Amino acid sequence: MNKVFLCQRDELAPGSLKKVPNAEVGDICVYNLEGRYYATADLCTHATASLAEGDLDDDLITCPVHWGQFHVPTGRAVTFPCERHLRTYRIIVTDREVYADVAAEAEEALADTDPAGAGSPV
C-alpha cells in the first residue's frame, strides 16, 4: 500500500472536488459524492486539462476543455471525445482524514469489467 493524504473529511463538502498535487503519480482529483469519497487522476485523458476545474454533476465529471465526461466511481470515459478511462485510486477514510492508495485501483473500477478491453485506465 502506498498511502497519500488527500484532505480532511470536513474540508470537502458533498458535491465538491479538489486537486491534490502528487509527485509520484501526478495530480489527483478527490471527490465527495454524497459523503462517499473517490479519487482519480486529475488530468483528462483526451486533452491536457485539470478535471478539478471541470463541472461535477452527480457522479460525472466534465472536462473543462472539450466537455467530455467521466464516471467518477469507475473512471470510465462516458462522453465523446474522451475515450480512454481515468486511473482511479482506492480510498481510505479515517475518522478525520481521506487518503488514496496510489498502488491500487478503486474497488468500483475493478468491479466494472470491460470484456472488450477498450478504454483501459491510464
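Since the structure is predicted, the reported quantities are computational estimates derived from the model, not experimental observations.
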> Shortest non-hydrogen contact from L43 to L86?
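Here L43 and L86 meet closest at O-CD2, 3.7 Å.
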
> Count the heavy atoms of every other residue, nucleotide or ligand shown that sit under 6.0 Å from CD of E34, and state whether that count exceeds 12.
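Incorrect, the count does not exceed 12.
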
> Do the non-hydrogen side-chain atoms of R9 and R96 ever get within less than 4.5 Å of each other?
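Sidechains of R96 and R9: no contact.
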
> Determine whether V93 and V102 fall in the same hydrophobic cluster, where Ile, Leu, Val, Met, Phe, Trp and Tyr are linked whenever their side-chain heavy atoms lie under 4.5 Å apart.
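In one cluster with V93: V102, yes.
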
> Test of understanding: with side chain to side chain contact (heavy atoms under 4.5 Å, CB included), list the residues that count as partners of V65, not counting sequence neighbours.
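Partners of V65 by the side chain to side chain contact (heavy atoms under 4.5 Å, CB included) criterion, ordered by chain and then number, come out as A47, A49, C63.
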
> Using 4.0 Å as the upper bound for N to carboxylate O, is an ion pair formed by D101 and K3?
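Not counted as a salt bridge, because no side-chain N and carboxylate O are separated by less than 4.0 Å.
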
> Do V30 and L12 come within less than 4.5 Å of each other through their side chains, counting heavy atoms only?
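The answer is yes, as the side chains (C-beta and beyond) meet within the 4.5 Å cut-off.
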
> Mind checking the NZ-SG spacing from K18 to C7? Nearest 0.5 Å is all I need.
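SG of C7 is found 5.5 Å from NZ of K18.
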
> Please check if I91 and V20 belong to a single hydrophobic cluster, counting links between Ile, Leu, Val, Met, Phe, Trp and Tyr side chain heavy atoms closer than 4.5 Å.
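Yes, I91 connects to V20 through the hydrophobic network.
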
> Check the pair E108 / R90 against salt bridge (Lys or Arg N to Asp or Glu O under 4.0 Å), numbers first and verdict last.
CA-CA 9 Å; E108 292 82 0; R90 183 164 294 149; over 6 Å; no

> Run the numbers on T45 and F70 for side-chain contact (heavy atoms from CB on, under 4.5 Å), then give the verdict.
CA-CA 10 Å; T45 61; F70 299 92; 3.5 Å; yes

> Begin with the C-alpha distance, continue with both residues' side-chain angles, and end with the deciding distance and a verdict on side-chain contact (heavy atoms from CB on, under 4.5 Å) for L56 and L33.
CA-CA 9 Å; L56 183 61; L33 305 182; 3.8 Å; yes

> Please confirm whether Y31 and Y38 have ring centers closer than 6.0 angstrom.
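Between Y31 and Y38, the centre distance exceeds or equals 6.0 Å.
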
> Are the side chain of H71 and the backbone of L60 linked by a donor-acceptor contact shorter than 3.5 Å?
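A pair under 3.5 Å: no.
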
> Please say yes or no: joined through hydrophobic side-chain contacts below 4.5 Å, possibly via intermediate residues, are Y37 and I61 part of one cluster?
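Looking at the clustering, I61 is in a separate group from Y37.
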
> Sequence neighbours excluded, which residues qualify as side chain to side chain contact (heavy atoms under 4.5 Å, CB included) partners of E53?
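So E53 forms a side chain to side chain contact (heavy atoms under 4.5 Å, CB included) with S50, P64.
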
> In Å, rounded to the nearest 0.5 Å, how long is the span from CD of E11 to CG of L6?
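Going from the CD atom of E11 to the CG atom of L6 covers 9.5 Å.
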
> Which pair of heavy atoms, one from D42 and one from C29, lies closest together, and at what distance?
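Smallest interatomic distance, heavy atoms only, reads OD1-CB, 3.6 Å.
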
> Among residues at least two apart in sequence or on other chains, which ones pass side chain to side chain contact (heavy atoms under 4.5 Å, CB included) with N22?
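So N22 forms a side chain to side chain contact (heavy atoms under 4.5 Å, CB included) with V4, E24, V25, I28.
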
> Quick one: SG on C44 to CZ on R84, what's the gap to the nearest 0.5 Å?
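Those atoms lie 9.5 Å apart.
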
> Please give me the minimum heavy-atom distance between P73 and T88, naming the atom from each residue.
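So the two residues come closest at O-CG2, 4.4 Å.
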
> Do you know which two heavy atoms are closest between H46 and C82, and how far apart they sit?
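Taking H46 first and C82 second, the nearest heavy atoms are CB-SG, 3.9 Å.
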
> I'd like to know if V98 and Y89 are part of one continuous hydrophobic network [Ile/Leu/Val/Met/Phe/Trp/Tyr, side-chain heavy atoms within less than 4.5 Å].
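Yes.
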
